[in-house]
Amino acid sequence: MRFFSQYLPFVIAMALVVVASNILVQFPMQGQVGVLSLADILTWGAFTYPFAFLVTDLANRRYGPAVARRIVFVGFMAAVICSIVAPPLLFRAGLIEFDTAAARLVRIACASGAAFLTAQLLDVTVFNWLRRQSWWRAPIFGTLVGSVFDTLIFFSIAFSAAFAFIGPDDAFALENAPLLGIFPVETMRWVSWALGDLSVKLIIAVFALIPYRLIAARWSQPATVQP
């Protein structure tokens, strides 16, 4: 009971970020930058998901790694559930134009859950190693490591043919196309999606230092709790 009352703001924030990201990932970002079509490499979910690292880092800064890990597990459960439930509901509501097969939803849920859990726990670990150094080192390096692994794990499990044993492949994702839609080198589409996603995560990580600094500065000392 104490956990859910004292740390409820972090739990709610994490759940909101994960739910929003799993919904917004269904919507490609419309726009054109030169010859680059943003819809080919980005979804709106790429702009909300990185804030999960901000929530984790603030919880770690305030209450320590044990509490941060508990909050990560709340996000993990939300990620898996939303990955299965959200797409069919959006399709029935007419918000997305395609329905996803149940087996494909299971594969996406596995990818989402595995990526989230691994990345956030790595973030907690790296943050804790660097927490006594300059204020910006722990959040930026924790998020950097977490973002790289999150992108690698999610896109590999969700789209790579090597993980077809988990669920059916997405034929469109496996087709060759110019890298990021503009370079002469051709690669599978999901590789370009991963690179675009990672680029946004790293940019958001830099901007997220601003709210992190403002909030953390108000806490003169981190609270102590028992693991």
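If you read the sequence from its start, that first residue is 1, and numbering goes on from there.
- At least one donor-acceptor pair under 3.5 Å links the side chain of Arg131 to the backbone N or O of Asn60.
- Side-chain contact between Ile215 and Leu54 is absent, with no heavy-atom pair separated by less than 4.5 Å.
- The two residues Ala46 and Pro50 have their closest heavy-atom pair at O-CD, 3.1 Å.
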Below 3.5 Å, can you tabulate the donor-acceptor pairs from side chains in residues 134-146 to any protein atom, sequence neighbours excluded?
{"from": "Thr143", "atom 1": "OG1", "to": "Asp57", "atom 2": "OD2", "distance (Å)": "3.3"}
{"from": "Thr143", "atom 1": "OG1", "to": "Pro139", "atom 2": "O", "distance (Å)": "2.8"}

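- In this structure the side chain of Phe207 reaches within 4.5 angstrom of the side chain of Ile203, judged on heavy atoms.
- In this structure, CG on Asn128 lies 7.0 Å from CZ on Arg69, to the nearest 0.5 angstrom.
- Two different hydrophobic clusters hold Ile153 and Leu105 under the rule that ILVMFWY side chains link at heavy-atom gaps under 4.5 Å.
- Using a 4.5 Å cut-off between side-chain heavy atoms of Ile, Leu, Val, Met, Phe, Trp and Tyr, with links allowed through other members, Met14 and Val25 fall into different hydrophobic clusters.
- Hydrophobic clustering, with ILVMFWY side chains joined whenever heavy atoms are under 4.5 angstrom apart, keeps Leu152 apart from Leu121.
- A continuous path of Ile, Leu, Val, Met, Phe, Trp and Tyr side chains, each step under 4.5 Å between heavy atoms, connects Val191 with Leu38, placing both in one hydrophobic cluster.
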Under 3.5 Å, side-chain donor or acceptor atoms of residues 73-94 against the rest of the protein: list the pairs with distances, not counting sequence neighbours.
{"from": "Ser83", "atom 1": "OG", "to": "Asn22", "atom 2": "OD1", "distance (Å)": "2.9"}
{"from": "Ser83", "atom 1": "OG", "to": "Ala79", "atom 2": "O", "distance (Å)": "2.7"}
{"from": "Ser83", "atom 1": "OG", "to": "Ser112", "atom 2": "OG", "distance (Å)": "3.3"}

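- Between the side chains of Asp150 and Tyr49, a donor-acceptor pair is found at a separation under 3.5 Å.
- Between Thr187 and Ser192, the closest side-chain pair of non-hydrogen atoms falls below 4.5 Å.
- Atom CD of Gln120 sits about 13.5 Å away from atom CZ of Phe149, to the nearest 0.5 Å.
- A donor-acceptor pair is defined here as one N or O able to donate and one able to accept, closer than 3.5 Å; such a pair exists between the side chain of Arg189 and the backbone of Phe172.
- One distance of note links CG of Leu42 with OG of Ser37; it measures 10.0 Å at 0.5 Å rounding.
- Closest non-hydrogen pair, Leu58 versus Ala216, comes out as CD2-N, 4.5 Å.
- Once rounded to the nearest 0.5 Å, the distance linking OG1 of Thr56 with CG of Asp123 reads 5.5 Å.
- Put simply, the side chain of Ile23 reaches to within 4.5 Å of the side chain of Val19, judged on heavy atoms.
- Looking at Leu195 and Ile41, their side chains never come closer than 4.5 Å, going by heavy atoms from C-beta outward.
- Of all the heavy atoms in Ser147 and Lys201, the pair that sits closest is OG-CB, 4.0 Å.
- Val11 has its side chain out of reach of Arg70: every pair of non-hydrogen atoms, C-beta onward, lies at least 4.5 Å apart.
- In the hydrophobic cluster analysis, where Ile, Leu, Val, Met, Phe, Trp and Tyr join through side-chain heavy atoms closer than 4.5 angstrom, Leu209 is grouped together with Val17.
- Across all non-hydrogen atoms, the minimal contact from Leu117 to Val72 is CD1-CG1, 4.1 Å.
- Scanning both residues, Leu174 and Ala161, for their nearest heavy atoms gives CD2-N, 3.9 Å.
- More than 12 heavy atoms of other shown residues, nucleotides or ligands fall within 6.0 angstrom of atom CZ in Phe163.
- Exactly one residue among Phe154, Phe159, Phe155 makes a ring pair (Phe, Tyr, Trp, His ring centres under 6.0 Å) with Trp193. That residue is Phe159.
- The two residues Val124 and Ala68 make their nearest non-hydrogen contact at CG2-CB, 3.9 Å.
- Listed for the Arg104 side chain is a donor-acceptor partner under 3.5 Å among the backbone atoms of Pro168.
- Met188 is listed as a side-chain neighbour of Asn176, based on a closest heavy-atom distance under 4.5 Å.
- Applying the ring-ring contact (aromatic ring centres under 6.0 Å, His included) rule to pairs touching residues 19-44 yields Trp44-Phe47, sequence neighbours excluded.
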